[in-house]
Amino acid sequence: MESLDQAEKVDLLARGRVSTRQPQIQVSTLALASNRGQVHRMHEDPGTSELRWVQFDLTQMPRIPHDNLKQYVSTWWQQHRETYKLPDFNDLYPMPVAERHLSSELVSLSFGQRREGRIVKDAFVDFVFRKVGDNVLTLREVVNQTTNRPVNSAATLLDWTQVKQRLAITGASLLTTEDLWLIPDNEDESLAKARRFTFRYDQQRFSWTFAGDEGEVVEAYEHRLTMRDQVRARVFERSYLDDNPWSEPLAFAELLGSGSTGVMSADGLVPAGLWPSQVRLTSDRAKVYEGEASQPKLLSLEEKQGRAWLVNPSDHDSALNAYTSIQRINRFTRRFLTDDDTPFLSRSVEVRVNMEGECNAYYTTGTARITLYEAGGGCANLAMINDVIYHEWGHGLDDHTGRQPGVQDGAFSEGIADVVAAYYTGDPEIGRGFVQDAEYGIRSLENDRFYPADIGQVHREGGIIGGAFWDLRQALMERYGELEGQEKAGHLFFRHLLTADTYHDSYQAVLRLDDDDGNPATLSPNYCLINEIFAKRGLADPEYCQDQAARSYESTAIDEDLFLALADTGETHTGLVASSAYATDMVICKGRRKVCLSGEAPRVHMERVTGTADRRFFTYSGSFSLKPLDLVTIIAKNENDRLIGSRVVKIVSK
Ligand SMILES: [Zn+2]
């Protein structure tokens, strides 16, 4: 018996799992005369004459109550066993998901096959039924890939010692062995024995299936492709004052493994095939350095636990906290701005933590560098306070937005930086814990500052515009509800930065964005509210009016049961998967809509694919053109084509 060399092993593993099902159903037998006219069409295996596929004329088929399906299947099988050369029904076993709902009309029952107690590899039979009434079905078709051929028990198979020799490996530990029957290609041959070995080797799990005493490889695969490994770190949700650090994936960080490197996904998933031992805190959004170090921080990974590697389980490292804070605030901002709006979102911000000094943090314009001081002088380590990091990153955003690049107005920049932090945390108190162990912050956006009384020192003056945007968020939440209000405030704030260089530009810029018909001659939906808020700050003349149009945003209550996921994201097109507990029909429409008729807007009709007892799934596998910040409305209907729920979701790039 020869050992496989490395190249052969790589080739075999690259094939992955192999199904040996042969498309043998070229011959079609019309058998209308038999079976009292029930059979519409029948396909047999040309070599063995075994039944492969039979379809029925539904008008001739009996109606079966749902509860009797299994009994019906068994009786049908016994009756046709001889005619169709079917194997023993007692050798069939229900598949793990035995009953599947293929559509609102089709139900499938699936069985696998055993022979002498061993599974026949890739053998199955599907009974497909059509619903013809409440809990009443008829048999539509049977797909049969079981076999009636004799078995050949004589073969000798490799044992574990021989397998290790064949694979030229040492140090592998055997997890399970399973004996299988293989259906050979040649119709004259009986079923052959094979044995599948599942083992752990080099910290991975493999399954290899061999046949015969020479160890012919039937199939080889590693289990890793189905695992979603992450690299996570313990960091703070808000600051070192948190009771417990939480664990968060290190999105986009660089991974170093034995002989290879890779980059983590937005969800912190490890690329397939990489076994990382170290992580470097660098990405195209942030690179974090310890003090004046010349390279971004490199950290070792602890031994893997479950599906995740953890960095530094005991030490709440300030560099990790800074890194995840930047990823988080960048991702949040992407709900409102895209890469095309500002290059800053894809700029790698240089963050220096534990710098010598005390009680300060600052952003350096142009170089996009954030400097965070170590603890001292009564102040905490500023890399341990996420508000401070969001604030400094907000200066960076200001540095890269507006009609002119750069920070044009120091007070506006302080206001922007505080609003970025407060909109993310939902707390007007900025920098809680800045003073070591203090629960209070260093500023609050719940303030009474107004223009021109409070001009002067930049942080104080920044409170004028910061306070205005905090009030705006509160008022919009009151008007539209918590989620939609926050979303509207975020939209107005972040997008107004694109045209504003000083806070004296803000009022007009916000009104322009609130305009829903493009015509300044008609008041925008929140015109009076925005006027009131800016007038209170001395930034607009008060008009004492009342908004009329606010109701126009009232939409169907959000249906929390509707979910949409994107698949196969290409450059400009996206596949869709949606689910609901009750819907029987689903339509996705571009934009915020109450109804979605064909021809009205870009729209796709989802196809119902499958489901479980409590969840139904729909897909659209063509491509639907979606860009970041596009809104889409999911519309769910019942069997009577009545709207039962809708939900507006926004497309963001992580
Ligand atoms: Zn600042």
Side-chain angles (χ1 to χ4, degrees), residues 238-239 286 288 318 321-322 325-326 328-330 332-333 342 344 347 349-353 355 357-402 404-425 427-435 438 440-447 449 451 454-470 493-494 496-497 500-506 537:
R238 185 87 187 264
S239 79
V288 180
S318 52
N321 198 60
S325 292
I326 301 267
R328 238 182 266 148
I329 199 69
N330 184 305
F332 174 68
T333 304
T342 169
F344 185 60
R347 177 145 185 196
V349 179
E350 179 185 326
V351 185
R352 300 229 164 232
V353 302
M355 290 288 276
E358 59 197 38
C359 298
N360 204 3
Y362 55 89
Y363 170 82
T364 310
T365 57
T367 57
R369 186 170 63 223
I370 292 171
T371 304
L372 301 163
Y373 285 175
E374 62 193 1
C379 300
N381 182 329
L382 296 184
M384 301 287 212
I385 304 167
N386 301 350
D387 291 17
V388 170
I389 300 163
Y390 304 150
H391 174 99
E392 299 309 332
W393 189 87
H395 281 305
L397 183 63
D398 178 31
D399 194 18
H400 293 79
T401 51
Q404 304 176 72
V407 172
Q408 303 294 331
D409 176 341
F412 186 35
S413 205
E414 293 307 333
I416 290 171
D418 280 350
V419 174
V420 166
Y423 272 27
Y424 181 71
T425 62
D427 182 0
E429 189 84 4
I430 310 293
R432 293 180 188 274
F434 191 103
V435 173
Y440 55 83
I442 48 172
R443 278 188 298 281
S444 174
L445 295 186
E446 244 163 25
N447 64 46
R449 309 245 168 100
Y451 181 85
D454 288 298
I455 59 173
Q457 201 274 343
V458 286
H459 292 99
R460 180 167 184 85
E461 187 177 341
I464 301 172
I465 192 68
F469 274 107
W470 183 256
F493 168 71
F494 281 102
H496 109 287
L497 298 178
D501 276 343
T502 97
Y503 66 93
H504 296 284
D505 294 331
S506 294
R537 302 284 171 175

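This is a predicted model, so every value here is computed, not measured. Residue numbers run from 1 in the order of the sequence given. Note that ligands are numbered from 1 as they come in the structure, with each ligand's atoms numbered from 1 the same way.
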L382 and C359: which non-hydrogen atoms are nearest, and at how many Å? CD1-C, 4.1 Å
Could you check whether any side-chain heavy atom of F469 comes within less than 4.5 Å of a side-chain heavy atom of Y503, counting everything from C-beta outward? no
Residue pair R347 / N330, side-chain donor-acceptor N/O under 3.5 Å: no
Flag H459 as yes if one of its N/O/S atoms falls below 2.8 Å of the Zn ion (ligand 1), otherwise no. no
Listed pairs under 3.5 Å, donor-acceptor, residues 384-395 side chains, sequence neighbours left out:
unit_1 : atom_1 : unit_2 : atom_2 : d
N386   : OD1    : N321   : ND2    : 2.7
N386   : OD1    : S325   : OG     : 3.1
N386   : ND2    : F236   : O      : 2.8
N386   : ND2    : E237   : O      : 3.0
N386   : ND2    : R238   : O      : 3.4
D387   : OD1    : R238   : NE     : 2.7
D387   : OD2    : R238   : NE     : 3.4
D387   : OD2    : R238   : NH2    : 2.8
D387   : OD2    : G431   : N      : 2.9
Y390   : OH     : R328   : NH1    : 2.8
H391   : ND1    : D418   : OD1    : 2.7
H391   : NE2    : H395   : NE2    : 3.1
H391   : NE2    : E414   : OE1    : 3.1
E392   : OE1    : Y363   : N      : 3.2
H395   : ND1    : S413   : OG     : 2.9
H395   : NE2    : E414   : OE1    : 3.3
H395   : NE2    : E414   : OE2    : 3.3

Degrees at the Zn ion (ligand 1) between the OE1 atom of E414 and the NE2 atom of H391, nearest 10°: 90°
Can you name the N, O or S atom of H395 that is closest to the Zn ion (ligand 1)? NE2
